[in-house]
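First up is the structure itself, then whatever we jot down about it.
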Amino acid sequence: MAVTASRAFTCYNHKLFFFPNTSINLCPTPIKVPSLLLNGNGNGNGNGNSLFYRPKNPIPRCVHSAPKNLETHSQSHVPRRRNVIEILEERGLLESITSDKLRSACSDSNLKVYCGFDPTAESLHLGNLLGIIVLSWFQQCGHKAVALIGGATARIGDPSGKSLERPELDPDSLEKNTQGITNTITRILGRNTKPSSDSFVIINNYDWWKDVTLLDFLKRVGRYARVGTMMAKESVKKRLESEQGMSYTEFTYQLLQGYDFLYLFQKEGVSVQIGGSDQWGNITAGTELIRKILQAEGAYGLTFSLLLKSDGTKFGKSEDGAIWLSSSMLSPYKFYQYFFSVPDVDVVRLLKILTFSDIEEINELEREMKSPGYVPNTAQRRLAEEVTRFVHGQDGLDEALKATEALRPGAETRLDWQTIEGIAKDVPSCSLAYNEVLNLPLIDLSVSAGLLESKSAARRLLKQGGLYLNNSRVDSEGKKIEAQDIVDGKILLLSAGKKNKVGSCNDYDCISLFERLECGFMAKCNILGGCKFQPISFAHYSLREA
Ligand SMILES: Nc1ncnc2c1ncn2[C@@H]1O[C@H](COP(=O)(O)OP(=O)(O)OP(=O)(O)O)[C@@H](O)[C@H]1O
Ligand SMILES: N[C@@H](Cc1ccc(O)cc1)C(=O)O
């Protein structure tokens, strides 16, 4: 058979891509892509052997409002599903696609789309949330979402965007991380999916890699991979320029991810892979292998821009102060506070990227922000509520709102032990012997607990009306701690608020909690600093022994 291998070029978002000319049929008989069967019994292929599973107890759908912009109405008033690519573009969630044909593929059929996450930490983080959100948009437009846990690839370590080789992970950590990430994805995507629906699955690439031998790999994959093409990938070029260079193991990473795509395309009918822009090289490694090995068309890649911090570095897990999605690593309260504190210049962009709110509503909010009657932080509140609800559910949002109110200097809410206990790990807290606290002048306590640097600073703040005990402003310099100040006989809350600056980061910057401990030893104190999209940093210091 004669094959003409001419190529067409297309330019998208300032990137030049190639894709094979559609008129060329490289394959004598069209490759039939088997469909991903997800039937009622939860077995992907009906014989109980599928790689795919559905959570046994799907999490109930949350009250998160259904996006209004999913359906458009034609003149005959028959609702038409919106193309997911248009939605992603409109919201700033699309950086590149491998071919423009993905647009028509998305409107013509129900696709299966996957995003991979290497289990290199116990929890996913804010950067990873973008992949979940894009998967979710695909789901909402009628496609199927596949979340891949890189149980095999995490053993190798993706060099993309990394200046150093990642440390090797031991099997126990991998197992723990896989469990943590699976729980988070199940929780978030499950909540967003109808209980009866099978529109998302979670798989682990270790399931197919564990049995592949080196000889198999070299024969089945290596033979088709051109070293020149591999070397030209950004992730490789950068590392080769670095002092440390790159190991052969890391160099093969792109082929592992490439083969994953081929495997899923061939065995499960997954035709789209999505990822952050750092994944472009790995994703195209997959589309290239599919074209070469299977001689098939119809596999697409899509990337979105990386979410960056104000210092230009990406939100990631390796960097300090990650915004974790797991509530055991970052409480819903702190998660909420983070979004509540984003600056005005970022809030609209983040509403578009991180929420499913109607785009018109967001544009309206943007207009309101510029008008005189705008109540400061309305947009931030909306952002914080929507993202917290998406990630932690309505319960998590309620917990965050309760804690926010309880910790607001000047708040009228009566403090109770349970609420404070719920947030104790989120604000600087320490334990002191009951007798040490009772009758101690408030000024002295503010210093010995590390709330303020010196007694004079404490006096100054008090005079300015910024020193609070259990959310009530203290005016008297001679104030001593009395028994009734210790809430439920267990705890008290000290805050250095800046003149009731409601909702500012200072609300949680300077709060100390004191817990009575019979033995009277001092615990560690965490001071939370940083906001406004700066990395959150934790300064630890120990208090003296009682
Ligand atoms: N800041 C970010 N913005 C957008 N997407 C991101 C961001 N960080 C990671 N991702 C995406 O999340 C997916 C999984 O990334 P993965 O967890 O393996 O690496 P990582 O979090 O970048 O790790 P590390 O922080 O160790 O570099 C990829 O598609 C990646 O592009
Ligand atoms: N390489 C991706 C994770 C991944 C792993 C395997 C895949 O098939 C896809 C994606 C990352 O580090 O972010």
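No experiment lies behind these values; they were computed from the predicted model shown.
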Asp395: partners by side-chain hydrogen bond (donor to acceptor under 3.5 Å, both in side chains), with sequence neighbours left out: none

At what distance, to the nearest 0.5 angstrom, does OG of Ser136 lie from CZ of Phe356? 3.5 Å

Check whether any side-chain heavy atom of Leu189 sits under 4.5 Å from a side-chain heavy atom of Ile132, and report yes or no. yes

Contacts of type side-chain hydrogen bond (donor to acceptor under 3.5 Å, both in side chains), residue Ser235, not counting sequence neighbours: none

Going by side-chain hydrogen bond (donor to acceptor under 3.5 Å, both in side chains), Gln179 matches just one of Asn177, Asn183, Thr182. Which one? Asn183

Would you say the ring centers of Tyr259 and Trp208 fall short of 6.0 Å from each other? no

Non-neighbouring partners of Tyr253 that pass ring pair (Phe, Tyr, Trp, His ring centres under 6.0 Å), sequence neighbours left out: none

List the steps and the verdict of side-chain hydrogen bond (donor to acceptor under 3.5 Å, both in side chains) for Thr120 and Asp118. CA-CA 6 Å; Thr120 45; Asp118 278 347; over 6 Å; no

Please determine if Glu250 and Arg239 form a salt bridge, counting it only when a charged side-chain N lies under 4.0 Å from a carboxylate O. yes

salt_bridge(Arg382, Glu386) N-O dist < 4.0 Å: yes

Salt bridge (charged side-chain N to carboxylate O under 4.0 Å, His left out) filter on Glu168, not counting sequence neighbours, yields none

Residues passing the side-chain hydrogen bond (donor to acceptor under 3.5 Å, both in side chains) test with Tyr336, sequence neighbours excluded, are none

Taken to the nearest 0.5 Å, the spacing of Glu89 CD from Ile85 CD1 works out to 8.0 Å

Drop me the distance from Thr249's OG1 to Glu165's CD, to the nearest 0.5 angstrom. 6.5 Å

Mutual orientation of the aromatic rings belonging to His392 and Phe335 [parallel < 30°, tilted 30-60°, perpendicular > 60°]: perpendicular

Taking C-beta and beyond as the side chain, do Phe315 and Leu129 meet within less than 4.5 Å on heavy atoms? no

Partners of Glu234 by salt bridge (charged side-chain N to carboxylate O under 4.0 Å, His left out), sequence neighbours excluded? Lys237

The reported gap from CD in Gln279 to CD1 in Ile274 (rounded to nearest 0.5 angstrom) is 10.5 Å

